Amino acid sequence: MSKALHTHEMRRPARRILSLSRRAARPRTGHAPASALWQAVPMALVFLTFFVVPLAVTVMVSFWEFTQYSIEPAFTFRNYMDVFDGCLSALPDLCTTLATYLSTLKFAFLVWLCTLLVGFTVAYFLAFHVRTLPVQVAFFLLCTIPFWTSVVIRMIAWIPLLGRNGLVNGALIEMGAIDEPLEWLLYSDFTVVLALTHLYVLFMVVPIFNSMMRIDRALVEAAVDSGARGWQVLTNVVVPLSRPGILIGSIFVITIVMGDFLTVGIMGGQQIASIGKSIQTQIQYLQFPIAAANAVVLLLGVLLAISLLLRLVDIRREL
Amino acid sequence: MTIIRPTRRRFLKGAGAVGAAAAFPAPFVNAQERVTLRYLSTAVNQSPGIAARASEELGIDIEYIAVTTDDVARRVITQPNSFDLVDSEYFALPNLVPSGNLMGMDARRIERADQIEPVITQGTVGGEPVGLQGTAPSEVFYLTGQYAQEFASEPTEWITLIPTTYNADTLGIRPDLIDKDITSWASLLDPDFAGKAAILNIPSIGIMDAAMAIEARGDITYGDKGNMTREEIDFTIERLIEAKRNGQFRAFWSNFNESVNLMASGEVVIQSMWSPAVTAVRTQGIPCVYQPLQEGYRAWASGFGLPRTLEGRKLDAAYEFINWFLSGWAGAHLSRQGYYPAILETAREYMEPYEWAYWYEGQPAEQDITAPGGDLMEGAGAVRDGGSYEQRMGAVACWNAVMDENQYMIRKWNEFIAA
């Protein structure tokens, strides 16, 4: 998030440097000189040590055998078969893994929709209705206030608000709107979506705001001069030009929600399954290979979703 | 910013200081360094009071490493060099011992080894046998040799774990929100409490609580609740899924604080609970009872183990600390939190008679009962839930366990959570 803010502030000079380097790079058509490769070595090493190697180990371990206290090198598909156990035989009922993925996808979609609506509105307000930069920055900082405290505390804060004897139920009963407390306010799908939206909406606001700030205001004026109504300006000018921000925000939100198990666990009263939680349970019981197999499947799922989204936007051109 | 320029004078001054430090090292560094023991266990077993006292009396510093119950076992298996002393549950032993990362404790070096309570060593209380379903400590108490990877059926001089704390767990209830008598584990699945019950989301313990309830309801009689067959696991999970679909459970909890919050906020009125959590709810001024039930308790026990690689002064220090732990002060300290210690007699010496009467004899408190920190726990006249040591430990039905079919059980449990 802070990184995104940073890129926004740095955008103008950064873009200039980028365009300069691009121009400088253009005549070069063959291989990069050795010096350029050397410069890439530190990053490549970091990438190799902290990303490629652990990932390779995870994939490797997913084919190993295990007992309750040991894991042994092997090449078996048993772990993957365990992950998808009963998926064919249980039809038309869903097996555990598919049901869990379906539930995770459902949350990813609902949270994406909510963060998009809220995030777009907030970004639109910041970009088009707040006129001066200092005020924009001040409002932006206001948006980040919830991030000053930990995720867990932000989640737990909902409990006294939404609980059976919480503030919302108390107020509704006092107003006479309901007789019995609403049970679904806490430990339900609703709560999970609410908490996830609250936690991750900023990941949508920042890239959309970033895109909106790049929209040439003359385009908006031209649209208005040509007789477009407010709604038409929004759908024909602002939304299409904010598309990169929307997609980047979507990638953030969807990947985070797919892997989240803490929020789903706490806000769902641990009654709602998530892939992350199954992996955590398996790791706790030292079933590393099966957890690794689950992680590989999850990774493939997320990669698939991201590659679909990336087809819609050239992320390198937009950043 | 002022820039400090390296001058010759400055350099000489610095060099002189370094030289002096090298020539006259502080004497104690070479002589007798204090030993620090890295003590791995769950947070509830780590009392700052005990560490402070040990440091004062023995000159041994205790450095606590706090992790969850499952992580204790995981650390022992995957990082056996990251601690010097582990306080692990006995039920983890069938996984820990075959890993070969722990070594048997030499009974000859434990001064009071023969005084350890028979409920742990033999599974009896006052001469009467208690329920031994699950991984009972008496079944995994001895090893065949110091570095053996199997348990001995007869007493030997190699002990797996020296008990630190143990207790008998049951259901916690909110008597102010429940208008009938709770006498059986079956109440956990009573439709009257739909949407107001909770169990643990720690599969190995959660399934035992569920089994107690399902058996109490008369649906099934298990061969061994702590070591179910695949059919029994299937049956149990089926019943749990049924209860979940009927909205029986408000939430599942996986740590101490969650269980306290659920109970204190009134989200839940009946749930599986741990003894200190009941105390924590009560200290908020909210009524909460650790209800004794006719089917008995699910017990657990935890104890000190040594990593195989421990040697030299650290090993000596570990034995010294364990012997001190058994000598009474620590036992009294833990008793005041509601736990039971390895040796009752020594703990008694460090407790006031009225405290002993309340915690161990089931007598009404003659005066206010305070926690080790000095906070008021119970007013005068209160009686401990479940009564005396004999009544509570004597009514144990089963022990926390790791099943042979553990892997299958975890898979089915995940199915239950996803249902």
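These numbers come from a predicted model, not from an experiment. A, B, ... follow the sequence lines: proteins, then strands. Residue 1 opens every chain.
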Please indicate whether A/Met60 has more than 12 foreign heavy atoms, meaning atoms of other residues, nucleotides or ligands, lying under 6.0 Å from its CE. yes
Per-residue contact mode, B/Val76 against chain A (heavy atom under 4.5 angstrom): neither
If you count heavy-atom pairs under 4.5 Å with chain A, which of B/Ala418, B/Pro203, B/Pro94, B/Ala198 comes out on top? B/Pro203
Does A/Phe288 reach the side chain of B/Thr78, with side-chain heavy atoms less than 4.5 Å apart? yes
Report the option among A/Thr67, A/Ile159, A/Leu186 that has the most heavy-atom pairs separated by less than 4.5 Å from atoms of chain B. A/Leu186
Check whether any side-chain heavy atom of A/Tyr187 lies under 4.5 Å from a side-chain heavy atom of B/Leu262, and answer yes or no. yes
For B/Asp404, is it the side chain, the backbone, both, or neither that has a heavy atom closer than 4.5 Å to a heavy atom of chain A? backbone
How far does CZ of B/Arg411 sit from OG1 of A/Thr281, to the nearest 0.5 angstrom? 14.5 Å
Using heavy-atom distances under 4.5 Å, tell me whether B/Arg74 contacts chain A through its side chain, its backbone, both, or neither. both
Let me know if A/Asp82 has heavy atoms under 4.5 Å from chain B in its side chain, its backbone, both or neither. both
Which atoms of A/Ile283 are under 4.5 Å from chain B, going by heavy atoms: the side chain, the backbone, both sets, or neither? both
Which atoms form the tightest heavy-atom contact between A/Arg164 and B/Lys196, and what is the distance? NH1-CG, 3.5 Å
Most heavy-atom pairs under 4.5 Å with chain A, out of B/Pro98, B/Ser254, B/Ser99, B/Gly266, belong to B/Pro98
Segment of B/Asn406 engaging chain A (4.5 angstrom heavy-atom cut-off): both
Quick check on A/Ser70 against chain B: is it the side chain, the backbone, both or neither that has a heavy atom closer than 4.5 Å? neither
Roughly how far, to the nearest 0.5 Å, is OG1 of A/Thr97 from CG of B/Asn414? 8.5 Å
Donor-acceptor pair, side chain of B/Arg250 and main chain of A/Glu183, under 3.5 angstrom: yes
For A/Ile71, is it the side chain, the backbone, both, or neither that has a heavy atom closer than 4.5 Å to a heavy atom of chain B? neither
If you check every heavy atom in residues 268-276 of chain A against those of chain B, which residues fall under 4.5 Å? A/Gly269, A/Gln270, A/Gln271, A/Ile272, A/Ala273
Residue part contacting chain A, namely of B/Ile417, when any heavy atom lies under 4.5 Å: both
Chain A contact via B/Met403 - which portion, at a heavy-atom distance below 4.5 Å: backbone
Rounded to the nearest 0.5 Å, how far does CD1 of A/Ile290 lie from CD1 of B/Ile410? 10.0 Å
Nearest 0.5 angstrom please: A/Asp85 CG to B/Lys412 NZ, how far? 8.0 Å
Region of B/Thr69 in contact with chain A, defined by heavy-atom distances below 4.5 Å: neither
Measure the spacing between CG of A/Leu286 and CD1 of B/Ile77 and express it to the nearest 0.5 Å. 4.5 Å
Would you give the length of the straight line joining atom OG1 of B/Thr68 to atom CD of A/Gln284, rounded to the nearest 0.5 angstrom? 5.0 Å
Which region of B/Ser265, side chain (C-beta onward) or backbone (N, CA, C, O), has a non-hydrogen atom less than 4.5 Å from a non-hydrogen atom of chain A, or is it both or neither? backbone
